[in-house]
Amino acid sequence: MKQKLFLIIFLLIMILAGNNVAQDLSYYFPKEAVFNPEIPKPEDVLGFQVGEFHASHDNIVDYFRHLAEASHRVKYEVYGKTHENRPLTVAIISSEANIKRIEEIRKQHLQLNDPSVSSKLNVADLPVVVWLSHSIHGNEASAVNCSMLTAYYLAAATGKEMEELLDKTIIIIDPATNPDGVQRFSTWANGNKSYMTNPDPASREHNESWPGGRYNHYWFDLNRDWLPLEQPESEARIKKLQEWKPNILIDEHEQGTNASFHFSPGEPSRVNPLVLAENQALTQKLANNYAKAFDEIGSFYFSAERYDDYYIGRGSTYPDMNGGVALLFEQASVRGFVQESEIGLLTFPFAIRNQFIGTVSTIKTAFSIKNEFLSYQKNYYLSAIDEAKKETQKAYVFGNGNDRNATFRFARLLNIHGIKSYLLKSDLNAGTHSFNAASAYIVPLDQPQYRLIKSIFGLHLNPKDSSFYDISAWNIPQAYNLPFETIKTYSGVTGDIFSADQLPKGNTIGSGTAFAYILKWEDYNSTRALTRLLNENIVVKVAGKSFETLDGLKFGQGSILIPLGSINTDQAKVEKIISEINLIDGIDVYLLNTGDNMSVDLGSSYFSVITKPKIAVLTDDGVNAVNAGQIWHLLDTKYKIPFTMLPLKAFRQSSLNRYNVIVMPDGNYQDLDEKVAGKLQDWLATGNTLIAFENAISWLNKNKLITVELEKDDTKAIGYNYENSLLFKASREVPGTVFETRLDLTHPINYGYQTDRLPVFKDNKIVQLKAENISANYPVWYTNSPLLDGYAPAGFSKSLSGTPALGIFGSKKGRIIAFYNNTIFRGYWSGTSRQFANSLFFGDKIRLSSGNGPD
Ligand SMILES: [Zn+2]
């Protein structure tokens with residue numbers, strides 16, 4: 001008994017001395033609030049107070065399930081799954097009566113977006129729809145933890161005021177927009193929590209290990225993916241969002257520990273030109289109320305600076321292109337539980353309370369001026385049609401008959417964004433391009449998503465400002481390397497409206513006894529077709545020269561030859577894979593009866609055997625996690641080829657003999673010493689391929705593995721006063737801009753391209769000086785006036801013109817392929833990612849001018 005008493009006293013002392021920062025619910029909620037005791041509080045389900053631990057994603061789902069079971073005001077839905085099989089969810093909260101007929105309300109709300117019926121709607125009869133998005137960056141935890149408070153408050157608060165609000169307001173809570181990131185971060189924060197809380201910013205608790213919880217499973221920043229939809233979280237969310245078209249969306253984030261609270265509007269000079277003035281006026285009305293709410297609790301805040309509404313693939317801008325008003329919250333981050341900041345101790349509950357105060361202010365403002373938001377949405381779509389009718393160009397056309405899968409992918413992307421496209425019915429010449437029937441699409445401008453179409457197809461040149469929070473260019477056809485043009489009329493050329501069953505299906509072309517099969521290398525899915533063969537150890541060859549069969553079929557360099565009749569060929573297995581390539585990859589395969597060709601017979605030495613790449617990709621501290629994640633995602637989910645993620649520690653210590661391709665993502669490799677450089681050199685000497693991205697080049701240069709002289713920007717801020725010199729600095733950055741390159745189509749790095757012009761994405765200032773005009777080493781050059789889209793600093797395009805966009809360097813029998821840009825940017829730059837594929841599969845075929853490489 002005595003022992004027990006001691007234990008209790010000891011635990012009490014621990015708890016008191018531990019400076020537990022948790023607060024009970026009265027800290028967050030208005031004093032006058034009265035709650036329905038039937039509704040479970042977060043601690044009733046979780047066993048801890050909000051803010052006492054970091055709620056895991058499992059905790060969040062558990063709480064919302066219990067809440068929805070207990071409350072008639074809450075409907076909880078799963079709308080998708082993450083890579084790690086976690087549910088993506090929304091809780092729809094409104095009055096009991098509204099929840100009972102929620103589907104009817106949703107359908108009625110959607111009519112606001114349809115100008116053919118919206119004029120009949122009286123907005124006074126409709127509830128306003130508010131969408132709350134939490135912690136799309138999984139380590140910005142105050143938001144996700146706030147989501148439970150908001151849900152409880154709305155579900156449990158009693159009284160006339162709440163009932164009136166819920167009668168006119170539908171609140172859609174996405175409690176954790178990035179479940180895998182939230183789970184990873186909460187595990188870190190709780191796993192490093194001490195009973196004696198420690199506010200030291202340098203402590204482990206406040207410094208996550210690589211890659212951190214910001215990203216999703218493949219280390220993608222989901223808050224850049226609202227437009228390209230490379231990740232399942234994004235695709236599922238946009239589908240749900242398009243089902244609802246909220247009037248207001250709040251995207252809740254965190255920023256640096258020493259900051260205050262930011263709410264929209266962002267920097268006025270960087271509002272996307274397609275965002276309407278009325279949108280910004282409504283944003284300001286919300287902002288005025290935030291200021292009042294934060295004044296009341298004494299929290300500092302700022303708006304109209306730093307962040308912006310320019311790139312439309314972020315959560316605080318995308319809804320602006322969909323008839324809504326989107327705003328950003330950025331709360332100072334505690335990371336763990338309590339952290340020293342410049343103005344004192346920042347606690348986790350304090351951060352959560354700020355998010356809650358902002359959230360409730362949003363809902364109240366939405367309710368109080370709901371008709372303004374609803375009318376805005378109605379007019380947004382009416383005026384979209386009016387503006388589209390004034391255009392002299394009436395539609396876009398896009399497509400590439402040789403890359404049907406990329407063409408289909410783009411039409412599918414447009415469809416998810418609520419944009420209608422139609423198969424081209426008959427061949428069409430437009431601008432400098434010819435489009436073939438059934439392998440191109442027409443996108444009419446006079447449809448409700450007119451502004452979104454303009455933003456996706458349009459160019460973003462001559463912006464008003466010269467500094468950007470994110471990228472300055474996002475033309476998707478350029479990223480997919482798809483030809484596109486505007487047309488003055490589309491009457492008579494539109495066929496069937498886009499549907500998923502237009503997914504390309506390939507055929508086996510030719511009949512009789514197969515001597516060999518050939519597949520072309522021009523399609524988005526060609527790489528996947530090749531890895532099907534390589535993964536099954538089928539011997540395949542690549543054509544180093546274009547050729548023509550006796551029947552007049554033409555094949556380009558890079559075409560893949562599957563020889564039959566070889567000693568070990570299992571013909572039945574080959575035929576099974578070919579049928580998969582036809583059916584699943586949607587690619588044609590050609591059956592040849594003879595090895596005799598018009599030019600280059602199949603037995604020619606121009607065909608060389610493809611060595612199956614055994615790939616290692618460097619990871620961990622120092623490596624750019626986002627770039628490494630893009631490579632992981634590409635190899636694992638698109639190319640579907642096994643590979644090793646090799647942490648730098650293991651890279652230093654283990655033998656490299658099991659790999660023939662090593663990829664160094666962008667990053668800072670200064671911790672790797674000369675010994676590692678020597679080891680890499682020995683590995684290269686046996687004929688292997690090293691692929692390096694962006695800043696990895698500095699390490700290779702420093703360790704003399706390559707010699708590249710880079711341009712230095714020594715422009716000085718002459719004529720700028722002290723305050724504006726900051727702007728000058730930003731104006732010298734390349735924020736994410738598209739430039740044009742010229743290709744040597746005969747070079748293995750460029751196999752599969754059909755024209756010698758290729759847009760590349762650039763968000764760095766790497767410019768090589770003094771390159772000799774040797775195509776073997778430099779097969780990709782910037783054109784004379786290379787700027788295609790976005791912002792470039794004064795003089796930058798000129799210094800870029802005529803310089804190489806990548807370099808290939810010999811190292812004894814091996815070679816180093818250095819990409820000066822991220823050719824697989826955010827996963828959707830599939831146009832340039834072909835060069836990465838070519839370096840993986842054909843890198844060892846490159847003959848260098850120095851005599852290195854195979855002869
Ligand atoms: Zn964030």
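Note that ligands are numbered from 1 as they come in the structure, with each ligand's atoms numbered from 1 the same way. Note that the structure is predicted; figures quoted are calculated from it, not measured.
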Handout entry: Side-chain H-bond candidate by donor/acceptor type, Q231 with H83, under 3.5 Å
Key =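 Note: Q231 and H83 side chains meet the donor-acceptor criterion.
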Handout entry: Heavy-atom neighbours of F302 CZ exceed 12 at 6.0 Å
Key = yes
Problem - Cation over ring face, R451 and Y380, 6.0 Å, 45° - result: yes
Fill in the blank from the handout: Residues pairing under ring-ring contact (aromatic ring centres under 6.0 Å, His included) where one sits in residues 313-333, two or more places apart or in two chains, turn out to be F261-F329, Y290-F329, Y318-H417
Problem - Counterpart residues, ring pair (Phe, Tyr, Trp, His ring centres under 6.0 Å), relative to H460 (two or more places apart) - result: W474
Practice task
List in chain and number order the residues that pass ring pair (Phe, Tyr, Trp, His ring centres under 6.0 Å) with F693, two or more places apart in sequence or in another chain; answer none if no residue qualifies.
Solution key: F819, F836
Completion exercise
Under 2.8 Å from the Zn ion (ligand 1), protein N/O/S atoms total 4
